[in-house]
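The block underneath contains the structure these notes are about, expressed in structure tokens.
In this text the structure is predicted, and so the values were computed from the model without any measurement. In what follows, chains carry the letters A, B, and so on, assigned in the order in which the sequence lines appear, proteins first and then strands, with residues in each chain numbered from 1.
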2 protein chains.
Amino acid sequence: MPKRADLSATYCPVGRSAELLGDRAVLLIVRDLFFGNRRFEFIAANTGLGPQLVSARLKLLESEGVVERRPYQERPVRYEYWLTDKGKDLFDVLYAMRGWAERWAYRDGETGGGPAMRYIHRACGTDVGTAVVCPGCGASLGYGDLKGEASPALKAEQVRRDRLQSPSRG
Amino acid sequence: MPKRADLSATYCPVGRSAELLGDRAVLLIVRDLFFGNRRFEFIAANTGLGPQLVSARLKLLESEGVVERRPYQERPVRYEYWLTDKGKDLFDVLYAMRGWAERWAYRDGETGGGPAMRYIHRACGTDVGTAVVCPGCGASLGYGDLKGEASPALKAEQVRRDRLQSPSRG
DNA sequence: CTTGTCACTATGATTATCATAGTTACTATC
DNA sequence: GATAGTAACTATGATAATCATAGTGACAAG
């Protein structure tokens, strides 16, 4: 395709977000980073995206200040990708996307009765469903307030990263 | 590019949403529909997208049950596009995107001091800023609870649809 | 000195997107 | 009644993004 039109030259805030977030690869990578999946190879494996796409998008996200590259070892130098504050602030967007999908994107019983991903309010232990305000205690819910638990179906499909993320538990 | 990988075959709710929402054109079109911009030509003009893209995406959105096509006149038959309940439920996602952009995507003073788009809680009149819970009365905020007001900068750039949307006020 | 790990880059085929122009089905004006 | 709108699209060709697959560089371990 010809160079895609630059839509960031708008005053509309949705338009500005869309320039970055209107991209499957970006969304999936950011999702994985929220899940604690920080290594290049695992991001590529878990998202199903090719390495060039992952590489290109991580560079884009870094240049946008959403992601930060940090070496986690020398000899050989290897990098991990971490969300910055600007990146962590995308939680609301992904959480809203998740809520919409839970309500509309599954056939009945597809996930075995419950949601594909359950969220528990850490402070009071309530299962929040797809709410943005805790139905138990009324607190508003942001990044860090929630503990996610994937359903068995979702867990089964996620790339196992036990080996690398917890090398001592082998 | 080769046929893009189908990522909807996942149990991850963000992945399922991303299949539809990870697309600039989809986001911009849905935004315009929320703004009440329901005609093909105006959507194309206001989003800056070409007619083939708008056509293709509207068909996709219709097949996904997000958008509904309704004739607004016979002779010749002309259609408008309306959000279904499933489509209206995307409000939270776009509102979260807007909030993120307001906080991160503008240089200081770019919009003349305030946000690019101001939202007022209809029930109590409070300017909600980028909150998901009204800072005035504590109610949670969804589609219909808010009244949006574009900043002068944003207004100036939007396609004027006064003529067609209110034909009587000429 | 061969194998393995991890973070990438290179290549070629395929397809989505863009800009521009054209089509269809009418109404309104000259 | 021929021409000029209007609105919702479709057709065409150029270009660039994406995919699958393979390869590279830097090092560690056996």
Side-chain angles (χ1 to χ4, degrees), chain A residues 1-7 18-20 22-29 32-33 37-62 67-82 159-161 163-165 167 170, chain B residues 1-7 9 18-20 22-29 32-33 37-62 67 69-82 159-161 163-165 167 170:
Chain A
M1 44 187 145
K3 184 159 56 184
R4 72 185 203 180
D6 181 14
L7 303 174
E19 189 65 25
L20 183 68
D23 182 289
R24 273 160 58 259
V26 163
L27 292 172
L28 295 175
I29 290 171
D32 267 36
L33 294 173
N37 217 352
R38 305 195 177 88
R39 304 255 174 105
F40 189 95
E41 293 278 291
F42 282 123
I43 292 170
N46 198 48
T47 56
L49 303 167
Q52 334 78 321
L53 237 196
V54 175
S55 174
R57 289 302 184 276
L58 284 171
K59 274 175 187 148
L60 172 65
L61 288 167
E62 201 184 353
V67 153
E68 203 175 53
R69 203 164 84 127
R70 295 189 198 163
Y72 66 90
Q73 68 169 39
E74 309 292 332
R75 333 190 37 79
V77 194
R78 294 284 157 75
Y79 297 96
E80 281 183 338
Y81 294 88
W82 290 75
V159 168
R160 259 173 228 308
R161 39 188 188 275
R163 273 175 307 169
L164 264 161
Q165 290 213 332
Chain B
M1 43 188 144
K3 184 159 57 184
R4 73 186 204 178
D6 181 14
L7 303 173
E19 188 66 24
L20 183 69
D23 182 289
R24 272 159 60 260
V26 164
L27 292 172
L28 295 175
I29 290 171
D32 268 35
L33 294 174
N37 217 353
R38 306 196 175 87
R39 306 257 175 105
F40 189 95
E41 293 279 291
F42 283 124
I43 292 171
N46 199 48
T47 57
L49 302 167
Q52 333 79 322
L53 237 196
V54 175
S55 174
R57 289 303 184 275
L58 284 172
K59 273 175 188 149
L60 172 65
L61 288 167
E62 202 184 352
V67 153
R69 205 164 83 127
R70 296 187 198 165
Y72 65 91
Q73 69 171 36
E74 310 291 334
R75 325 190 43 78
V77 194
R78 292 287 156 75
Y79 297 97
E80 282 183 337
Y81 294 89
W82 290 75
V159 169
R160 254 166 236 310
R161 41 187 186 275
R163 274 175 306 171
L164 264 162
Q165 291 214 328

Shorter than 3.5 Å, N or O on both sides, protein versus nucleotides 22-26 of chain D: list them out with atom names.
none

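Neither OP1 nor OP2 of dA8(D) sits under 4.0 Å from any side-chain N or O of S55(B). For Y81(A), a side-chain nitrogen or oxygen approaches OP1 or OP2 of dC8(C) to under 4.0 Å. Distances shorter than 4.0 Å separate none of the side-chain N or O atoms of R69(B) from OP1 or OP2 on dA8(D). When the side-chain nitrogen and oxygen atoms of K59(A) are compared with OP1 and OP2 of dA7(C), none of them lie within a distance under 4.0 Å.
A salt bridge (Lys or Arg N to Asp or Glu O under 4.0 Å) with E80(B) is found for one member of R69(B), R39(B), R38(B) and no other, namely R39(B).
Per the geometry, OH belonging to Y72(A) stands 8 Å off C1' belonging to dA7(C), to the nearest Å. Spacing between atom CD of Q73(B) and atom C1' of dC9(D) amounts to 15 Å, rounded to whole angstrom units. If you measure from atom CG of L58(A) to atom C1' of dT9(C), you get 14 Å, rounded to the nearest angstrom. Distance CD (E80(A)) to C1' (dC6(C)): 12 Å, rounded to an integer number of Å. Computed from coordinates, the L49(A) CG to dT9(C) C1' distance equals 17 Å when rounded to whole Å. Atom CG of L60(B) and atom C1' of dC9(D) are 17 Å apart (whole Å). Rounded to an integer number of Å, the gap from CZ of R57(A) to P of dA17(D) is 9 Å. If you take CD1 of I43(A) and P of dC6(C), they are 14 Å apart, rounded to a whole angstrom.
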Handout entry: Derivation and outcome, side chain to side chain contact (heavy atoms under 4.5 Å, CB included), residues L58(B) and V54(B)
Key = CA-CA 6 Å; L58(B) 284 172; V54(B) 175; 3.7 Å; yes

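Taking 4.5 Å as the limit, some side-chain heavy atom of L60(B) sits within range of a side-chain heavy atom of L20(B). The side-chain heavy atoms of L28(A) and D32(A), taken from C-beta on, include no pair separated by under 4.5 Å. Within the 4.5 Å cutoff, the side chain of I43(B) has no heavy atoms near those of the L49(B) side chain.
Distances were taken from every side-chain heavy atom of D23(A) (C-beta onward) to each of dA16(C), dT18(D), dA7(C); the shortest belongs to dT18(D). Of the listed nucleotides (dT9(C), dT17(C), dA7(C)), dA7(C) has the atom at the smallest distance from the side chain of E41(A). The F40(A) side chain lies nearest to dC8(C) when the options are dC8(C), dC26(C), dC9(D). Listed nucleotides dC26(C), dC27(D), dC9(D) differ in distance to R75(A); the shortest reach to its side chain belongs to dC27(D).
For the atom pair N46(B) CG and E41(B) CD, the distance stands at 13.0 Å (nearest 0.5 Å).
More than 12 heavy atoms of other residues, nucleotides or ligands lie within 6.0 Å of CZ in R70(B), so this atom counts as buried by the packing criterion.
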